[in-house]
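Notes follow once the structure below has been shown.
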Amino acid sequence: MVLKVDTTQLHKKLKKLDKPKKLPIKVIKKIVKIGYKDVQNHFSKEMGPKHKWKNLKPATIKAKRKAGKGAAKILVFSGKLKRSVRPKS
């Protein structure tokens, strides 16, 4: 499974900086916070930057129910993937 994140705007803003490798920690933390909120928002809305995620196939729904997960949200089975994306201090 591949999780794609549109970083076009981030790259545009970083290109404007003279020395992106020497960003102040305050700026880096702000970028991380924005990215984290964006990923969480995608999970909540079940969509990427432009399109809604594809609906679960009947076999996936059946497998989730069999595992006791009900017909949970798209890309959520155990919650491990969503929890793996988090800012670190």
Side-chain angles (χ1 to χ4, degrees):
M1 173 175 33
V2 176
L3 180 62
K4 294 181 181 181
V5 178
D6 184 1
T7 57
T8 307
Q9 294 299 322
L10 174 62
H11 285 284
K12 285 180 183 178
K13 291 186 184 216
L14 287 175
K15 283 182 181 180
K16 290 181 182 179
L17 298 172
D18 290 333
K19 298 178 183 178
K21 291 183 181 178
K22 295 190 177 189
L23 290 172
I25 192 73
K26 192 174 186 180
V27 174
I28 293 170
K29 285 183 177 184
K30 180 77 170 174
I31 291 170
V32 170
K33 186 177 181 180
I34 291 168
Y36 173 75
K37 284 183 177 182
D38 188 51
V39 169
Q40 295 303 311
N41 190 38
H42 289 304
F43 271 95
S44 295
K45 293 183 178 181
E46 297 186 328
M47 64 181 298
K50 297 179 183 177
H51 305 286
K52 183 160 177 35
W53 295 339
K54 292 181 181 179
N55 290 331
L56 295 174
K57 293 185 177 184
T60 304
I61 294 170
K62 184 178 179 181
K64 283 184 166 192
R65 286 189 177 138
K66 187 175 181 181
K69 303 293 181 178
K73 291 184 165 229
I74 301 168
L75 286 183
V76 177
F77 188 80
S78 67
K80 188 175 180 180
L81 175 64
K82 184 178 177 182
R83 287 190 310 271
S84 73
V85 180
R86 59 191 159 118
K88 293 184 179 183
S89 49

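In this text the structure is predicted, and so the values were computed from the model without any measurement. Numbers here are sequence positions counted from 1.
Pairing each heavy atom of I74 with each of N55, the nearest pair is CD1-CA, 4.2 Å. In terms of heavy atoms, K52 sits closest to M47 at CA-CB, 3.5 Å. Closest heavy-atom contact between F43 and W53: CA-CH2, 3.7 Å.
For S84, there are no side chain to side chain donor-acceptor pair (under 3.5 Å) partners, not counting sequence neighbours. Annotation: side chain to side chain contact (heavy atoms under 4.5 Å, CB included) contacts of K57 (sequence neighbours excluded): T60. Listed by chain and number, the residues in a side chain to side chain contact (heavy atoms under 4.5 Å, CB included) with I34 are K30 (sequence neighbours excluded). With sequence neighbours left out, A63 forms a side chain to side chain contact (heavy atoms under 4.5 Å, CB included) with no residue at all.
Expressed to the nearest 0.5 Å, how far CD1 of I31 lies from CD1 of I28 amounts to 7.0 Å.
Pairs passing the side-chain hydrogen bond (donor to acceptor under 3.5 Å, both in side chains) check and including a residue from residues 38-50, sequence neighbours excluded, read D38-H42.
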